[in-house]
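Note sheet for the following structure.
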2 protein chains.
Amino acid sequence: MVLFRLHEGCAVLRLSKLTDYAVVVMARLARDGALPEGRVQTAPGLALATGIAEPTVAKVLKILGQAGLVEGLRGARGGYRLTRPLAAVPLSEVIVAIDGPIALTACVDGGQGQCEAQGICAVRGRWDPVNDAIRRALSDITLADLAGPTRCAPATHFAQLVAE
Amino acid sequence: MVLFRLHEGCAVLRLSKLTDYAVVVMARLARDGALPEGRVQTAPGLALATGIAEPTVAKVLKILGQAGLVEGLRGARGGYRLTRPLAAVPLSEVIVAIDGPIALTACVDGGQGQCEAQGICAVRGRWDPVNDAIRRALSDITLADLAGPTRCAPATHFAQLVAE
DNA sequence: CCTAAATAGGACCATGGGGGTCCTCTTTGA
DNA sequence: TCAAAGAGGACCCCCATGGTCCTATTTAGG
C-alpha cells in the first residue's frame, strides 16, 4: 500500500510530492485545453498557473513525457499536451510513471529465488492480495475523478503557500 | 495509498521497515503460543528467532504495546504476548500503530480551513475515495492472512541476510 | 532483602533517498 | 539567424527513518 506522509506527520501512507505535482499539472493541462491534438501549454506557463516552481514542473513533465502521459513539442511555440483525456488516465499509471511499480514489499513477483533459497520467509507471497487490492483501488480512480472542473493546486505546495 | 519501496527501488508504495518487522514479530509471537492469557515471549528471544536486531525488536514491541496490540509484562520472567489472535488484527491497525493514520495526502479530513481560505485547491476532498479504498483494502486483510503456519522473517531483513 | 531479568520511555546519531535546482544540447518557429 | 522551448542529465541539500543506547521501573526468585 502506499502511504502518503506529506511531511505533516499525520499520515502513514506516502504519496511522493512529485506524483502530487503531476496530478495537478495534468489537471491544469486539461483545464487549459491542452488535450490530444489541442494547443500546447508551456512548462513556465504551467508553473505560473499552478504555483509550483518552474524547474520542478519541467521535471515532472519530462517524466510524464517519457511515460507517454503527455506529449512534448519542442522548439519555439512548443509545449506539452495530454495524450489522453483525464478520464482515460488511471491514477495508478501516474504513480507508476513517477515512482515506479506499485507494491507493498520487496517480496513481490521477483525475488522468489532468494526467499526460497533461505527457506525462512513464510510471509513471502502472502502480500500479493494486499498489493493487488491497492493496485485495483488506484486503477479504478482516474485523474478526472481527482481533478475538479476548476483550477487546483497541489496539496503539498499549498501547505508551503500557507506557511509563507 | 501506501507505496512500499523497501530500498530495492522497484516499488512505488512504501511500507516502513518497522511495520514489516512488526508483522513478523507478531506472527512469531503467535507461532510460539504467546497468545492472550498465554505464556510470554521476551524481546531478546524474539530477536534471536526472527533474526532482527534486538534493540529494533524491543522498539517495535514497545510501539505495539502502546497501541494495545501486544501486552508487555515487566520484571523477571516478563515478556510480551498478543492481546488478540492474529485473525483479529487487521493489517491496517499495525500500520497505523507504527506509522500513523493512513491517508494519501495532507488534504484529508483536517486542513479544510487552509485549503478553503486559499480557494485554489479544487483537488481537495477528492482524494477521499482513494484513501477509503486503501484503508478498506488494508482492513480486510488480517495478520493471519500474512503469517503462514510456519516461521517467517521480514522481507527487508531477509534481503540483508542474503547480502551478507 | 537483594539481585538479576525484563519492560518502559526516552534521547541520540547516521544515512540515503527524494525534492529541488541548474547546465547543456537539440529542436523549431518567426 | 535568433529566441523560445523541450530533452536529458548532473548535482546538492535536507530530513525522516532506521537503528542504537541509556536510565528508570517493575518483579520473580533465592
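What you see below is based on every heavy atom in this structure, not just the backbone, and it leaves out hydrogens, waters and symmetry mates. Order of the sequence lines fixes the chain letters, A, B, ..., with proteins taken first and strands second; residue numbering starts at 1 for each chain.
Protein atom CZ of A:Arg81 is 16 Å distant from nucleotide atom P of D:dA5, rounded to whole Å. In this entry the distance linking CZ of A:Arg39 with C1' of C:dG29 reads 18 Å, nearest Å. In this structure, CZ of B:Arg77 is placed 9 Å from P of D:dG30, rounded to the nearest angstrom. Rounded to whole Å, the distance from CD on B:Glu54 to P on C:dA8 is 13 Å. In this structure, the CD1 atom of A:Ile52 is 11 Å from the P atom of C:dT21, given to the nearest Å. One interatomic measurement links the two molecules: CD of B:Glu71 to C1' of D:dT26, which rounds to 14 Å at whole-angstrom precision. What separates CD1 of B:Ile63 from P of C:dT7 is a distance of 15 Å, to the nearest Å. Protein atom CG of A:Leu64 is 13 Å distant from nucleotide atom P of D:dG8, rounded to whole Å.
Taking every side-chain heavy atom of A:Ala43 into account, D:dG6 is the closest of D:dG18, D:dG6, D:dA4. Nearest to the side chain of B:Ser16, among C:dT28, D:dG18, C:dG19, sits D:dG18. If you check C:dG19, C:dT21, C:dT7 against the side chain of A:Thr56, the one that comes closest is C:dT21. Taking the side chain of B:Ala76 as heavy atoms from C-beta on, and the options C:dG19, D:dT27, D:dG6, the nearest nucleotide is D:dT27. Taking every side-chain heavy atom of A:Lys62 into account, D:dG9 is the closest of D:dG9, D:dG29, C:dA4.
B:Leu73 comes within 4.0 angstrom of the backbone, heavy atoms only, and of no base. Counting any heavy atom pair closer than 4.0 Å across all strands shown, B:Gly65 reaches no nucleic acid atom. Here B:Leu18 lies in heavy-atom contact (under 4.0 Å) with sugar-phosphate atoms only.
OP1 or OP2 of D:dA7 has not a single side-chain nitrogen or oxygen of A:Gln66 nearer than 4.0 Å. Remark: A:Tyr21 is not in phosphate contact with C:dG19, judged by side-chain N or O atoms under 4.0 Å from OP1 or OP2. Listed pair A:Tyr80 / D:dA5 fails the phosphate criterion, with no side-chain N or O lying under 4.0 Å from OP1 or OP2.
Screening A:Leu18, A:Leu46, A:Thr19 for a side chain to side chain contact (heavy atoms under 4.5 Å, CB included) involving A:Val60 leaves a single residue, A:Leu18. A side chain to side chain contact (heavy atoms under 4.5 Å, CB included) with A:Val23 is found for one member of A:Val89, A:Ile95, A:Leu143, A:Leu86 and no other, namely A:Leu143.
Taking only distance into account, the side chain of B:Lys59 meets the base of D:dG19 through a donor-acceptor pair shorter than 3.5 Å. With hydrogens and angles ignored, a donor-acceptor pair under 3.5 angstrom links the side chain of B:Arg74 to the base of D:dT25.
A pairwise comparison of heavy atoms in A:Ile98 and A:Ala22 identifies CD1-CB, 4.0 Å as the closest pair.
Classification of A:Arg136 and A:Asp132 as a salt-bridged pair fails, no side-chain N sitting under 4.0 Å from a carboxylate O. Comment: A:Lys17 does not engage A:Asp20 in a salt bridge, judged by the lack of any side-chain N to carboxylate O separation of less than 4.0 angstrom.
No donor-acceptor pair under 3.5 Å is formed between the side chain of A:Thr42 and the backbone N or O of A:Gly79.
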